[in-house]
Q: 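Below is the structure I would like to discuss, written out as structure tokens.
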Number of protein chains: 2
Amino acid sequence: MVKVVLIGTGNVAKFLFDVFSEHPQISLVQVVGRKLEALNYFKEKTAVTQDYRSLKDADIYILAVKDEAILAVSQELMLQDRLLVHTSGSISMEALPENARRGVFYPLQTFSGVPIKNKENIPFCVEAENEEDYTFLEDLAKCISNSVHRVSSEKRKQLHLAAVFANNFTNHMYFLASDICAEHEVPFELLKPLIRETYEKIMHQTPLDAQTGPARRNDLKTLQEHLLLLKDNKQKKVYTTLSESIQESYGEKL
Amino acid sequence: MVKVVLIGTGNVAKFLFDVFSEHPQISLVQVVGRKLEALNYFKEKTAVTQDYRSLKDADIYILAVKDEAILAVSQELMLQDRLLVHTSGSISMEALPENARRGVFYPLQTFSGVPIKNKENIPFCVEAENEEDYTFLEDLAKCISNSVHRVSSEKRKQLHLAAVFANNFTNHMYFLASDICAEHEVPFELLKPLIRETYEKIMHQTPLDAQTGPARRNDLKTLQEHLLLLKDNKQKKVYTTLSESIQESYGEKL
């Protein structure tokens with residue numbers, strides 16, 4: 001039986017709590033959080049505390065707090081020689097205090113409280129200072145995911161940056177599209193089958209091959225017409241920057 | 001029985017051919033195309049011709065050719081008083097010759113030869129010069145789609161422009177993400193569950209509410225770190241432009 005203490009009460013902590021709770025070999029012995037109210041989600045199923053110094057004995061302490069809180073909280077915990085991991089995409093393993101056995105346990109997904117389908121497919125990027133801890137983390141991740149990867153801090157940061165393009169910027173494209181629809185009183189719903197197909201295509205094709213549209217075809221007439229249709233300067237600037245980036249990408253590759 | 005002549009042999013023509021062929025009330029009497037080889041796809045199931053002047057008698061003539069060919073091909077057809085529609089998102093109905101009864105029959109989807117799931121959900125944007133033809137087009141579209149909409153040329157152009165953001169630019173975000181992964185030797189596959197979730201979220205949330213990430217949080221430290229991680233000027237410019245656009249979008253709305 002693996003004993004886990006979770007520090008944090010946000011969406012990542014809730015996700016880990018839920019998937020660990022379903023596994024017979026994992027015992028979630030305690031959840032630690034500053035806010036009493038946020039502990040409500042957990043308190044019927046496990047011990048909870050607001051005191052960072054009253055940690056129960058466990059095989060692993062998982063820090064699932066905001067990036068900007070990792071440094072301060074991890075120092076407060078005083079986990080001498082214990083395995084302490086954070087769950088962030090963009091923070092180095094070395095940001096954790098030296099007196100702990102340090103590691104990273106990063107689920108590459110966006111957690112916003114909405115239930116996620118196919119939770120077992122969420123990739124885990126795992127890292128540890130020593131080999132024994134790495135094996136332990138890998139085994140733990142494999143209990144809840146079929147996609148476990150050894151990724152260094154440096155590569156994890158690049159992956160997190162790529163995720164900003166694939167997730168945050170993609171969602172902003174949906175937003176700008178919905179904005180154009182709203183301005184011209186056409187329902188954004190009409191674009192949803194297209195958005196679905198855009199996603200489905202890259203499950204089978206590379207994004208390089210899947211690219212279509214006026215910038216890809218170097219169709220200067222349509223590019224010009226689209227700029228005339230756009231009235232908003234923000235939309236114009238995004239349109240120009242992305243069209244140029246597409247033209248440059250395919251200019252290089254041809 | 002509705003008799004249809006299809007002019008064009010590309011992906012849109014193939015899609016329409018396939019869905020019309022499945023419907024018992026629609027008779028696809030002829031496919032017309034310049035290239036002999038491209039007619040192979042159709043010739044076992046219907047009459048084909050390369051001659052734009054040898055059109056069979058039909059209730060509707062559907063022009064499914066490239067945008068830049070619509071003007072020239074439609075003039076060559078000489079369809080006096082016949083119902084002639086094009087299938088383009090960005091061309092006005094008025095671009096068709098005046099001697100025909102003009103209309104638009106635009107399927108809002110990306111067609112690249114890859115089979116499309118849930119074909120019956122593809123939205124059709126329909127327009128016609130006269131009311132009788134409009135009703136005919138609407139009925140025809142409803143035979144093959146459960147999402148049929150009356151959309152003017154002006155609104156259709158805006159919808160097509162919104163589709164560039166939702167489809168072409170979104171795919172370019174996937175491409176830039178895959179580029180970063182390739183540069184740093186991490187598999188792009190790791191981002192696919194995240195890409196799926198990004199798409200799934202806006203099926204239930206508005207893109208405005210679904211937005212996350214450093215630009216949304218106005219997390220200047222991470223924005224700065226990401227710019228340092230990016231070496232390529234094209235990637236840097238896209239990152240800056242989109243982060244500013246997100247900051248501006250939420251600055252306005254807050």
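In what follows, every chain begins at residue 1, and chains take the letters A, B, ... in the order their sequences are listed.
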Q: Looking only at heavy atoms, what is the nearest atom pair of B/A162 and A/A177, with distance?
A: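 Minimum heavy-atom separation between B/A162 and A/A177: O-CB, 3.4 Å.
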Q: Drop me the distance from A/S245's OG to B/D179's CG, to the nearest 0.5 angstrom.
A: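 It is 9.0 Å, given to the nearest 0.5 Å.
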Q: So what's closer than 4.5 Å to chain A heavy atoms on B/K157: side chain, backbone, both or neither?
A: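 Contact with chain A is through both the backbone and side chain of B/K157.
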Q: Which one, A/G213, A/C125, A/S90, leads in non-hydrogen pairs under 4.5 Å with chain B?
A: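 Max contact count across the listed options: A/G213.
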Q: For B/F175, which of A/L208, A/D209, A/I246 qualifies under side chain to side chain contact (heavy atoms under 4.5 Å, CB included)?
A: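 Considering A/L208, A/D209, A/I246, a side chain to side chain contact (heavy atoms under 4.5 Å, CB included) with B/F175 is found only for A/L208.
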Q: I'd like to verify something: which residue of A/H160, A/K192, A/Q211, A/Q235 has the highest number of heavy-atom pairs under 4.5 Å with chain B?
A: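 Of the candidates given, the most pairs with chain B belong to A/Q211.
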Q: State whether A/K234 and B/E244 are salt-bridged, where the test is any N-O pair (Lys NZ or Arg NE/NH1/NH2 against Asp/Glu carboxylate O) under 4.0 Å.
A: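 Between B/E244 and A/K234 there is no salt bridge, as every charged N stays at least 4.0 Å from the carboxylate O atoms.
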Q: If we define contacts as heavy-atom pairs under 4.5 Å, which of B/K201, B/E183, B/E189 has the most with chain A?
A: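 Looking at each option in turn, the highest pair count goes to B/K201.
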Q: Under 4.5 Å from any heavy atom of chain A, what part of B/F188 do you find: side chain, backbone, both or neither?
A: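 Contact with chain A involves the side chain of B/F188 alone.
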Q: Would you mind listing every salt bridge (charged side-chain N to carboxylate O under 4.0 Å, His left out) that reaches into residues 112-128 of chain A, with sequence neighbours excluded?
A: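 Applying salt bridge (charged side-chain N to carboxylate O under 4.0 Å, His left out) to every pair that reaches into residues 112-128 of chain A, excluding sequence neighbours, yields A/K117-B/E200, A/E127-A/R156.
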Q: Quick one: what part of A/Q205 sits under 4.5 Å from any heavy atom of chain B, side chain, backbone, both or neither?
A: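 Side chain only.
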Q: For B/D67, which atoms come within 4.5 Å of any heavy atom of chain A: side chain, backbone, both, or neither?
A: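 Contact with chain A is absent: no heavy atom of B/D67 under 4.5 Å.
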Q: Take B/E68 and A/K221, measure what side-chain contact (heavy atoms from CB on, under 4.5 Å) needs, and give me the verdict at the end.
A: CA-CA 10 Å; B/E68 51 273 31; A/K221 188 165 163 280; over 6 Å; no
Q: Could you pull out all residues at least two apart from B/H184 that satisfy ring-ring contact (aromatic ring centres under 6.0 Å, His included)?
A: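 In terms of ring-ring contact (aromatic ring centres under 6.0 Å, His included), with neighbours along the sequence ignored, B/H184 is linked to no residue.
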Q: Quick one: of A/L229, A/N118, A/L176, who has the most non-hydrogen atom pairs under 4.5 Å with chain B?
A: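 The candidate making the most pairs under 4.5 Å is A/L229.
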Q: Of the listed residues (B/I202, B/T206, B/V164, B/D219), which shares the most heavy-atom pairs with chain A below a 4.5 Å separation?
A: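 Among the listed options, the one with the most contacts to chain A is B/I202.
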Q: As an exercise: rank A/V114, A/I195, A/I122 by heavy-atom pairs under 4.5 Å with chain B and give me the winner.
A: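 The option with the most such pairs is A/I195.
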Q: Would you say that more than 12 heavy atoms from the other residues, nucleotides or ligands in this model lie under 6.0 Å from the CD of A/E185, or not?
A: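 Open.
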Q: If I compare all heavy atoms of B/E197 with all of A/T110, which pair ends up nearest, and what's the gap?
A: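 Looks like CG-CG2, 3.8 Å.
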Q: Could you state the interatomic distance from CG (A/L242) to CG (B/L242), rounded to the nearest 0.5 Å?
A: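 Here the rounded value is 5.0 Å.
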Q: Heavy-atom distance under 4.5 Å to chain A: side chain of B/L194, backbone, both or neither?
A: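 Both backbone and side chain of B/L194 come within 4.5 Å of chain A.
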Q: Highest number of heavy-atom pairs under 4.5 Å with chain B: which of A/A215, A/P187, A/P123, A/S243?
A: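 The residue among A/A215, A/P187, A/P123, A/S243 with the greatest pair count is A/P123.
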Q: Output the residues of residues 165-173 of chain B for which the shortest heavy-atom distance to chain A is under 4.5 Å, in residue-number order; output 'none' if no such residue exists.
A: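 Within residues 165-173 of chain B, the residues that come under 4.5 Å of chain A (heavy atoms only) are B/F165, B/A166, B/N167, B/N168, B/F169, B/T170, B/N171, B/H172, B/M173.
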Q: Angle class for the B/Y199/A/Y199 ring planes (parallel below 30°, perpendicular above 60°, tilted otherwise)?
A: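 The rings of B/Y199 and A/Y199 lie parallel, inter-plane angle below 30°.
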Q: Any donor-acceptor pair under 3.5 Å linking the side chain of A/Q158 with the backbone of B/C181?
A: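 Answer holds: no.
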Q: Heavy atoms under 4.5 Å from chain A: which residues of residues 143-154 of chain B carry them?
A: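 Counting heavy atoms that sit under 4.5 Å from chain A, the residues of residues 143-154 of chain B involved are B/H149.
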Q: Identify the heavy atoms of A/P207 and B/S178 that sit nearest to each other, and give their distance.
A: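 Looks like CG-OG, 3.9 Å.
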Q: With a 4.5 angstrom heavy-atom cut-off, which part of B/S112 approaches chain A: side chain, backbone, both or neither?
A: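 Looking at B/S112, just its side chain touches chain A.
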Q: Which residue out of A/L159, A/T212, A/I116 racks up the most heavy-atom pairs below 4.5 Å with chain B?
A: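 With the most close heavy-atom pairs to chain B, the winner is A/T212.
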Q: Would you compute the distance between atom CD of A/E225 and atom CG of B/L161 and round it to the nearest 0.5 angstrom?
A: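 Answer rounded to 0.5 Å: 11.0 Å.
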Q: Hey, which of B/N121, B/V186, B/L190, B/I180 has the most heavy atom pairs under 4.5 Å with chain A?
A: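 With the most close heavy-atom pairs to chain A, the winner is B/L190.
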